[in-house]
Asks: 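Let me give you the structure first, and then I'll get to my questions.
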Amino acid sequence: VTPAFCVLSWTDCDYGDYSNYIWEIHKDASKDMYTGLWGFYTQEYDFWTDSWTRTTDVFQIPGLNRQSYHCSPGYGYDYNHVADFRIAVWATGVKPSGLFPPAPSYPCVLKSWATAIRENCNPPPVGLDCDDRMPFNLPGTGWATVAMHWVNYNYAYPMQSWVGGLFDDL
Amino acid sequence: MKTRDKNAILALALAVLVIPLVVRMARREAVAPRAPRATNLEGASAKRNDRPTALRPRPGPTVTFLGQTVPAAAEPYLVSAVKCAKFIETEAAKFPPDSQCYRSLKGLQRKLFLDDYNYACLVAGGALDRANGPAALEKLDQQTVPEKTAPLPVNPQAANEMADYFGRLVEASHPALSNIVSVLGKYTEQDPLQTDLFKDAVMYAGMREQVNQWIKDDQGQRQKWLGHQATLFPDKPDKREKMMKGWMQIGTEIQTDWKNAQDAYRNVFAYRFTDRDGLTDPALLTDLDKIIVPVGSAGPQLVIPPLPQ
């Protein structure tokens, strides 16, 4: 069993207040797992007309992080950033063999290199660049969705995945 | 007994045991000489391509279709693939090209066409290459097809591969997939696992449920951000009201776009069930609507076997 994976969904919102000027922008991307096609939505609030616009333009996903960023240094300035993503993992061509084949679900691990996001007003301690391993159970058919552990870390992609223990390495 | 007699009996026993073995091995060598062991990557690749006799390309009549030379046996399957792709084109044309619904339908068109092309490859028994599918899709506009065609016959060779792959999928999957097989059994006498009927039915039910999940997630997210917006503009309630109303309105538009896609999927699969499988009873879709294929119970595995390497 060699699991395959892809980014399943990505969401991002920037919002804040600059001397009573309010802004809010949402970006969402999600993958149709049947056709493999990505869907994109951008929704933006216009302070001056009190209206919202939406577009379906394709955009680049800048990075994979689970972020809850809040920065409020004073002087009427407040900036927030919220982001999240999910990974879909599945196995193709699983054909049980042998007298006593292991039954699903299979214990799996998804591993990525994670770098702390330092620009945060409340940064996490420096030096936290390490790998994050997310254990999960992979069904014999279908797929599992996985959210990595940490918030305010930027995850590297592509990740690694394997069937086995948390402390095994590829 | 003398030692010489003992040795003679021993030699006789050995001969009785060994001679038939040697003869059998010699016969086997004569019938099927062993392939030389692959010693390099090229050899390994050649060995992998050494398919069973049933899948080897067989010479036969060919026709030109989608700009390619294809076996005549695969032509009805390719005609059906083109008909379905053209039907999806007309469905997509009902929506603006920048709408998500239009893009979803174009994605469905590509997925179904390549599935159908791969199915034709299975039928052709190796005389048609799956790698040519995307190039065939590009020639769609140039290809004319008859309006009325007979439902596709079950191809015995493809049927085995399909039934084996989808049978395992049903066995190991969510019970919803077994329920789909039962529902299909009410409408056709053929085994739905032996054609792409089962795959289509799971896709239809699964894509509908996937859209339902997106709508549900969007509604949840919208309520969450609505709570945040309710804290803004403490001294300008009118401005806040407008912002919140607009936020919910834009959600309705997005959800309508998804629901339109759901309706279009229904039309597409109704067309496929009629055109490919001869199943015209609209109750089939109504029955499939009652089955919930949870998000994650199928998806990337819904392909025409064998899986692409």
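Naming: A, B, ... by sequence-line order, numbering from 1 per chain.
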Asks: Counting heavy-atom pairs under 4.5 Å with chain A, which one of B:R222, B:R240, B:H174 comes out on top?
Replies: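 The answer is B:R222.
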Asks: Checking heavy atoms, do the side chain of B:L232, its backbone, both or neither come under 4.5 Å from chain A?
Replies: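 For B:L232, side-chain heavy atoms alone lie under 4.5 Å from chain A.
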Asks: Parallel, tilted or perpendicular: which fits the ring planes of B:W225 and A:Y15, with parallel below 30° and perpendicular above 60°?
Replies: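 Because their plane-to-plane angle is over 60°, the rings of B:W225 and A:Y15 count as perpendicular.
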Asks: Under a 3.5 Å distance rule, please check whether B:K242 uses its side chain to pair with a backbone N or O of A:T49 as donor and acceptor.
Replies: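 Side chain of B:K242 to backbone of A:T49: no pair is present.
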Asks: Spell out the residues in residues 51-61 of chain A that have some non-hydrogen atom less than 4.5 Å away from a non-hydrogen atom of chain B, in order of number; otherwise answer 'none'.
Replies: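 Those residues of residues 51-61 of chain A which have a heavy atom under 4.5 Å from chain B are A:W52, A:T53, A:R54, A:T56, A:D57, A:V58.
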Asks: What are the two closest heavy atoms between B:V293 and A:Y34, and how far apart are they?
Replies: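 Residues B:V293 and A:Y34, closest heavy atoms: CG1-OH, 4.2 Å.
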Asks: Can you tell which part of A:C13 gets under 4.5 Å to a heavy atom of chain B, answering side chain, backbone, both or neither?
Replies: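 Side chain only.
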Asks: Who pairs with B:R103 by salt bridge (charged side-chain N to carboxylate O under 4.0 Å, His left out), at least two apart in sequence or on another chain?
Replies: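 Result, salt bridge (charged side-chain N to carboxylate O under 4.0 Å, His left out) vs B:R103: none returned.
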Asks: So A:T35 and B:R110, do their side chains get closer than 4.5 Å, heavy atoms only?
Replies: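 No. Closest side-chain heavy atoms not under 4.5 Å.
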Asks: Would you give the length of the straight line joining atom CG of A:D32 to atom CE of B:M207, rounded to the nearest 0.5 angstrom?
Replies: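 These two atoms lie 4.5 Å from each other.
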Asks: Once rounded to the nearest 0.5 Å, what's the spacing between atom CG of A:L37 and atom NZ of B:K111?
Replies: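 That separation rounds to 12.5 Å.
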Asks: Can you say whether B:L302 sits under 4.5 Å from chain A via the side chain, the backbone, both, or neither, judging by heavy atoms?
Replies: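 Only the side chain of B:L302 comes within 4.5 Å of chain A.
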Asks: Enumerate by number any residue of residues 18-25 of chain A whose heavy atoms lie under 4.5 Å from heavy atoms of chain B; in the absence of such residues, state 'none'.
Replies: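 A:I22, A:E24, listed by number.
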Asks: Would you indicate whether the side-chain heavy atoms of B:F233 and A:D17 approach each other to under 4.5 Å?
Replies: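 A:D17 vs B:F233: side chains apart.
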Asks: Of the backbone (N, CA, C, O) and the side chain (C-beta and beyond), which part of B:Q210 lies under 4.5 Å from a heavy atom of chain A, both, or neither?
Replies: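 Only the side chain of B:Q210 comes within 4.5 Å of chain A.
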Asks: Does NZ in B:K216 sit with more than 12 non-hydrogen atoms of other residues, nucleotides or ligands closer than 6.0 Å?
Replies: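 Counting other residues, nucleotides and ligands, NZ of B:K216 stays at 12 neighbours or fewer.
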Asks: Against chain A, label B:D218 side chain, backbone, both or neither, depending on which of its atoms sit under 4.5 Å from a heavy atom there.
Replies: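 Neither part, no heavy atoms under 4.5 Å.
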Asks: Can you check whether B:M243 reaches A:Y45 side chain to side chain, under 4.5 Å on heavy atoms?
Replies: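 Heavy-atom side-chain distance check passes, below 4.5 Å.
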Asks: Hey, do the aromatic rings of B:W214 and A:Y41 have their centres closer than 6.0 Å?
Replies: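 No, ring centres 6.0 Å or more apart.
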Asks: Please check if the side chain of A:W90 supplies one atom and the backbone of B:P300 the other of a donor-acceptor pair under 3.5 Å.
Replies: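 Pair absent, no side-chain N/O of A:W90 close to backbone of B:P300.
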Asks: With chain A as the partner chain, list the residues of residues 249-256 of chain B whose heavy atoms fall under 4.5 Å from it, by residue number, and write 'none' if nothing qualifies.
Replies: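 Answer by number: B:I250, B:E253, B:I254.
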Asks: If we ignore hydrogens and angles and just use 3.5 Å, is the side chain of B:Q301 paired with the main-chain N or O of A:A91 as donor and acceptor?
Replies: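 Answer holds: yes.
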Asks: Is B:S173 close to chain A through its backbone or its side chain, or both, or neither, when contacts mean heavy atoms under 4.5 Å?
Replies: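 Answer is both: backbone and side chain atoms of B:S173 are under 4.5 Å from chain A.
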